[in-house]
Number of protein chains: 2
Amino acid sequence: MSESHSRTGGSLLVVGSVGLDTVETRAGKRTDVLGGAASYFSVAASFLSAARMIGVVGTDFPDAHAAFLQSRGIDLGGLERVAGRTFRWSGVYAPDFSTRTTLDTQLNVFQDFRPKLPPAWAASDYVFLANIDPVLQLGVLEQAGRPKFVACDTMNFWISGKRPELLRLLERVDLLMLNDEEARQLSGEANLPAAARAIRAMGPAAVIIKRGDAGALLFHGAGVFAAPAFPIEEVVDPTGAGDSFAGGFMGWLAHEDDASPATIRTAMILGSVLASFSVEDFSLDRFRRLDLTQIRQRFTAFADLVHFEKIRI
Amino acid sequence: MSESHSRTGGSLLVVGSVGLDTVETRAGKRTDVLGGAASYFSVAASFLSAARMIGVVGTDFPDAHAAFLQSRGIDLGGLERVAGRTFRWSGVYAPDFSTRTTLDTQLNVFQDFRPKLPPAWAASDYVFLANIDPVLQLGVLEQAGRPKFVACDTMNFWISGKRPELLRLLERVDLLMLNDEEARQLSGEANLPAAARAIRAMGPAAVIIKRGDAGALLFHGAGVFAAPAFPIEEVVDPTGAGDSFAGGFMGWLAHEDDASPATIRTAMILGSVLASFSVEDFSLDRFRRLDLTQIRQRFTAFADLVHFEKIRI
């Protein structure tokens, strides 16, 4: 392993998609580049904690991608390689990044994905269930023993299409991360604090509502925390920003082996740091030239971004 | 004057609308209640600094409203009362507050408003030009001597309809406050940091981009500052939130008689504090039962909202 994460701390497990993305933005186009929630998550986390990855790829998955993930200390012991083609997604972003249009989704080998935990991984401490069918997310939890902290993501497709299964999952997770529109859809509340209150009543003690370039809000028993987004003037590719946020967030909890309120706040900033780097290049390319010094510098920049003097009136 | 603001500090001048609003939200409806940018601004500021108000009302303007403004220490020596009806605005907000629809605007005596500064006010230190015709905003500056700090607001109507006049104004102000859509419209840039850069090149050394419940961003020579919005679960009436923000902001600069980068950051938080109270009731009613203790408590809550531990990775 590199110097880039601690060997101590808790163990970190992620289950999610690994795929090949074709992306077009105002900054250019990339074809069949490394993508998928588990990829972004685990590489972002790798600067803080080595992740165990559960996923599936086809026989066409380039060895170079697997080698890159391993070079980041990621344990691919749960990444199945099966006959067929790797999951593919293709999309184009509006020039102002306000919308993105999916041009093509090929589930391929992901269609029949049934996550299987290597027996030794059942004792994982920190578990992130990236955005996949809640039935599969539940299946992971059934194999996962008693993690110290479970977080999950979801999306509009599951909120409307598999609501009962999603609600069963939410009873068993500590934290749900989702974006503002998903929070409104899941809760039926337009007001975000009200939406968070309703979602917390469904099970998760904590909810993180992601708002893109407006940052993220954490609602939990210790109150509310607002993490800004770092103002980035030259966004290249927003794909995977949310999963990079999750990776930085969970990576810090595992690094600290702690999920106390203070650690969770710092984790949100590290999530925002990793997300801010992620969008500066296509695919995971910014992470290929990222180091801890740059992460520390941006963490300091985040502290400065929100710093103000405490005054007496 | 009450105990609610310092007698020292710099002098504060505001020019803008004073009107009677009819507002309907999910929380109810109010008819012909006190409104207008200069009203919200000066009452919000009054907890920090007494403002001098330049505006116009008709003979129908209730004495009770003038008495309320004066009870807040606001100097109405520049508030003309002329024959005719007071400016009126009527609007309805969507149940989720995502949009508002203007039902009626009656300029009335505001139609022929030509701001006139009492001679003694030409020496005002801190000047806020609320959202009115940029020709009138320029007219105030021509009467205003050499203020220490001039801030202005504007809107889409002037950005498209009186762009040359607005650009002449911007060469003469220190700070422009506007919302994100207005910033995009004025600059032609979708990305907010890029928009701020373009606007600063038009003249103002500082730009504050207001994003409603996503907070506000300050761009100036000392970098970027992100002020969160306070998460409010029970919004009653968002009317005047931006002007209340401006009042808290400019009120603090005048209170401190300083516009250094550190003071400007704190002013943004006090602006956010006053804005957060403003939306908790119709019209300016929340300010009628607000005191410095509540302001201090919410300021502390803002500090907690963004606090995180500085860590070593």
Side-chain angles (χ1 to χ4, degrees), chain A residues 4-6 47-48 94-98 180 184 189-194 196-197 211-215 217 219 223-235 252 255-256 262-270 292 295-296 299-313, chain B residues 4-6 47-48 94-98 180 184 189-194 196-197 211-215 217 219 223-235 252 255-256 262-270 292 295-296 299-313:
Chain A
S4 57
H5 67 80
S6 165
F47 294 93
L48 305 167
D96 64 0
F97 293 108
S98 61
D180 43 7
R184 293 185 170 109
E189 296 277 357
N191 176 281
L192 295 181
R197 179 188 300 276
R211 309 186 72 187
D213 76 347
L217 291 169
F219 298 87
V224 189
F225 176 65
F230 198 76
I232 299 282
E233 193 160 338
E234 295 294 338
V235 174
W252 185 247
H255 180 278
E256 295 292 286
T263 300
I264 282 183
R265 284 175 173 238
T266 302
M268 290 212 25
I269 299 298
L270 282 163
L292 273 185
I295 290 173
R296 287 187 195 107
F299 185 90
T300 301
F302 264 92
D304 181 68
L305 181 64
V306 299
H307 173 76
F308 58 90
E309 301 292 333
K310 310 310 175 280
I311 47 94
R312 293 188 198 286
I313 305 171
Chain B
S4 58
H5 68 80
S6 164
F47 295 93
L48 305 166
D96 65 359
F97 293 108
S98 61
D180 44 7
R184 292 184 171 110
E189 297 278 356
N191 175 281
L192 295 181
R197 179 187 301 276
R211 308 185 73 186
D213 76 347
L217 291 169
F219 298 86
V224 189
F225 176 65
F230 199 75
I232 300 282
E233 195 161 338
E234 295 295 338
V235 174
W252 184 246
H255 180 280
E256 295 292 285
T263 300
I264 282 183
R265 283 175 173 236
T266 302
M268 288 205 38
I269 299 299
L270 283 163
L292 272 185
I295 289 173
R296 287 188 196 105
F299 186 88
T300 302
F302 264 92
D304 181 67
L305 181 63
V306 299
H307 174 75
F308 57 91
E309 301 291 333
K310 310 311 176 280
I311 46 94
R312 292 187 199 287
I313 306 170

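Below, read A as the first sequence line, B as the second, and so on, with proteins coming before strands; counting in each chain starts at 1.
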- [ ] Grab the two heavy atoms, one from F308(B) and one from R265(A), that are nearest each other, plus how far apart they are.
- [x] CB-CB, 4.2 Å
TODO: Determine whether more than 12 heavy atoms belonging to other residues, nucleotides or ligands lie under 6.0 Å from atom CD of E234(B).
DONE: no
Open item on the list: What part of R197(B) gets within 4.5 angstrom of chain A, counting heavy atoms only: side chain, backbone, both, or neither?
Closed with: side chain
- [ ] Working to the nearest 0.5 Å, report the span between CD1 of I269(A) and NZ of K310(B).
- [x] 8.5 Å
Task: Heavy-atom pairs under 4.5 Å with chain A, option from G223(B), S98(B), A226(B) with the top count - done: A226(B)
Task: Heavy-atom pairs under 4.5 Å with chain A, option from A227(B), A229(B), P95(B), P193(B) with the top count - done: P193(B)
Task: Option in W252(B), F219(B), F97(B), F302(B) with maximal non-hydrogen atom pairs under 4.5 Å from chain A - done: W252(B)
Open item on the list: If you count heavy-atom pairs within less than 4.5 Å of chain A, which of R211(B), E189(B), E256(B), E309(B) leads?
Closed with: R211(B)
Open item on the list: Does any backbone or side-chain atom of P228(A) lie under 4.5 Å from a heavy atom of chain B? Answer side chain, backbone, both or neither.
Closed with: side chain
Task: Proximity breakdown for L305(B) and chain A, heavy-atom pairs closer than 4.5 Å - done: both
Open item on the list: Has N191(A) got a side-chain atom pairing as donor or acceptor with I232(B)'s backbone, closer than 3.5 angstrom?
Closed with: yes
Open item on the list: Please classify the contact of D213(A) with chain B as side chain, backbone, both or neither, using a heavy-atom distance under 4.5 Å.
Closed with: both
Open item on the list: I'd like to verify something: which residue of A196(B), P231(B), A194(B) has the highest number of heavy-atom pairs under 4.5 Å with chain A?
Closed with: A194(B)
Task: Heavy-atom side-chain proximity of I313(B) to F299(A) below 4.5 angstrom - done: no
- [ ] Examine whether an atom of I311(A) lies under 4.5 Å from a heavy atom of chain B, and if so say whether it belongs to the side chain, the backbone or both; otherwise answer neither.
- [x] both
